Amino acid sequence: MSVQTHIAVIGAGLMGHGIALTFARAGRRVAICDPVPDMRATVLDRIADSMRLLGASASEVAAAAGLITLHDSIEGAVSSAGVVFEAAPEKLELKQSIFAEVETFAPEDAILASNTSVIQITKIMNGLQRRHRALGTHWWNPPHMIPLVEVVKTEWTDPALANSMFALLADAGKTPVMVEKDVPGFIGNRLQHAMWREAISLVENGICTAKAVDDVVKASFGRRLAVLGPLENADLVGIELTQDIHAQVLFDLDNSAVPSPYLQTLLDQGRTGMAAGGGLRDWTKGDLEATKARIAQHLSQVQALLDAQE
């Protein structure tokens, strides 16, 4: 894919601004479209703030901003794009309508990508005329700080175009992973929510507190996950030991196919999460922003450590 390839990003929110930032910082021309005037008016400031958190200099921020154009219509954003990333809210009908419009105005050879956490790409792209150039790119939040992007093929996706997307993301400094089958949740969220299901079950059944769950993860296997994946770990300890452990514990794990009723109980009590002061745990005013800042600082420190090792 040419270094002159223009990128279009549909949506200037949390995910869209991070995707645009990533490509502008990598020297790509980026067109951002959002129908909400306030989102368009603030996106460049938000990109600048995010870049400064990443340690970018004033000149780097200015250079990235110079590669970004803002548009109030999909037609204006995608008319000369080689790749289009949709970063709209997680609503199937909305994403379908966006891609119907994108296909009308984007070049016939443009790659069309949906950023979604769990919706199957097949459902989003089913109505397109040229489905061979459509795929999924699941960026993780915050997209400009988390390296992973899952590239999701559908049954119609041209493998060569999926490989081109893979190369584009790698060139922009991301860590792309190919998802060969379009399954709900792809790879990362299937793994993450399998753990969440068991974590919620432990609390629901009175085995431990929510804080105990978080402390166990953060103070044990969570510390090594960044450098030792679960299957690496299985090979490290040996397949026989892995099999023996599974024989003793898997039968007792939660295997429900529906959300825990405990979650609905919390919602009925108004315990909707950190912003509300309570969810699975109790929170105080200021915890939300402090947690976001702690995550950003941690991710920046991890990236700096990895950069120093290269």
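In this text, all values refer to a predicted model and were calculated from it rather than measured experimentally.
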Exercise. Does the side chain to side chain contact (heavy atoms under 4.5 Å, CB included) test come out yes or no for Asn141 and Leu14, once each step is laid out?
Worked result: CA-CA 8 Å; Asn141 182 31; Leu14 180 63; 3.3 Å; yes

Working to the nearest 0.5 Å, report the span between [atom1] of [X] and [atom2] of [Y].
| X | Y | atom1 | atom2 | result |
| --- | --- | --- | --- | --- |
| Met15 | Ser117 | CE | OG | 6.5 Å |
| Glu101 | Ser73 | CD | OG | 7.5 Å |
| Ile200 | Glu204 | CD1 | CD | 8.5 Å |
| Ile98 | Glu93 | CD1 | CD | 11.5 Å |

For this session: Answer with yes or no whether the hydrophobic clustering places Val237 together with Val249; edges join I, L, V, M, F, W, Y residues whose side-chain heavy atoms lie under 4.5 Å apart.
Result: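 Yes, because Val237 and Val249 connect within a single hydrophobic cluster, where side-chain heavy atoms sit under 4.5 Å apart.
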
Do you know the tightest heavy-atom contact between [X] and [Y]?
| X | Y | answer |
| --- | --- | --- |
| Ile19 | Ala87 | CD1-CB, 4.3 Å |
| Leu288 | Ala275 | CD2-CB, 4.1 Å |
| Lys95 | Ile124 | CD-CD1, 3.7 Å |
| Met145 | Ala296 | CE-O, 3.3 Å |
| Asn255 | Arg197 | C-NH1, 3.7 Å |
| Arg25 | Ala56 | NH2-CB, 4.1 Å |

Heavy atoms, side chains only, cut-off 4.5 Å: are [X] and [Y] in contact?
| X | Y | answer |
| --- | --- | --- |
| Met165 | Val83 | yes |
| Thr69 | Ile32 | no |
| Arg130 | Glu108 | yes |
| Ile119 | Glu90 | yes |
| Leu112 | Leu128 | yes |
| Lys174 | Thr22 | yes |

Do NZ/NE/NH1/NH2 and the carboxylate oxygens of [X] and [Y] come within less than 4.0 Å?
| X | Y | result |
| --- | --- | --- |
| Arg28 | Asp171 | yes |
| Glu155 | Arg131 | no |
| Asp215 | Lys211 | yes |
| Asp49 | Arg52 | yes |

Is [X] reaching over with its side chain to a backbone N or O of [Y], donor-acceptor style, under 3.5 angstrom?
| X | Y | result |
| --- | --- | --- |
| Arg40 | Asp34 | yes |
| Glu150 | Val179 | no |
| Glu60 | Ser57 | yes |

Problem set entry | Working for side chain to side chain contact (heavy atoms under 4.5 Å, CB included), residues His144 and Leu54 | CA-CA 9 Å; His144 51 288; Leu54 292 172; 4.0 Å; yes

Exercise. Under the ring pair (Phe, Tyr, Trp, His ring centres under 6.0 Å) rule, what pairs show up with a residue in residues 72-121, not counting sequence neighbours?
Worked result: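 Found Phe23-Phe85, Phe85-Trp139.
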
Problem set entry | Qualifying ring pair (Phe, Tyr, Trp, His ring centres under 6.0 Å) pairs with a residue from residues 234-265, counting only residues at least two apart or across chains |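 Passing the test, one end in residues 234-265: no pairs.
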
For this session: Carefully, step by step, assess Leu44 and Leu70 under the rule side chain to side chain contact (heavy atoms under 4.5 Å, CB included).
Result: CA-CA 9 Å; Leu44 289 179; Leu70 306 178; 4.3 Å; yes

Problem set entry | Derivation and outcome, side chain to side chain contact (heavy atoms under 4.5 Å, CB included), residues Gln269 and Leu266 | CA-CA 5 Å; Gln269 296 172 351; Leu266 292 172; 4.1 Å; yes

For this session: For side chain to side chain donor-acceptor pair (under 3.5 Å), just list the numbers for Asp244 and Gln248, CA-CA rounded to whole Å, side-chain angles, deciding distance to a tenth of an Å, and then say yes or no.
Result: CA-CA 7 Å; Asp244 289 343; Gln248 297 297 322; over 6 Å; no

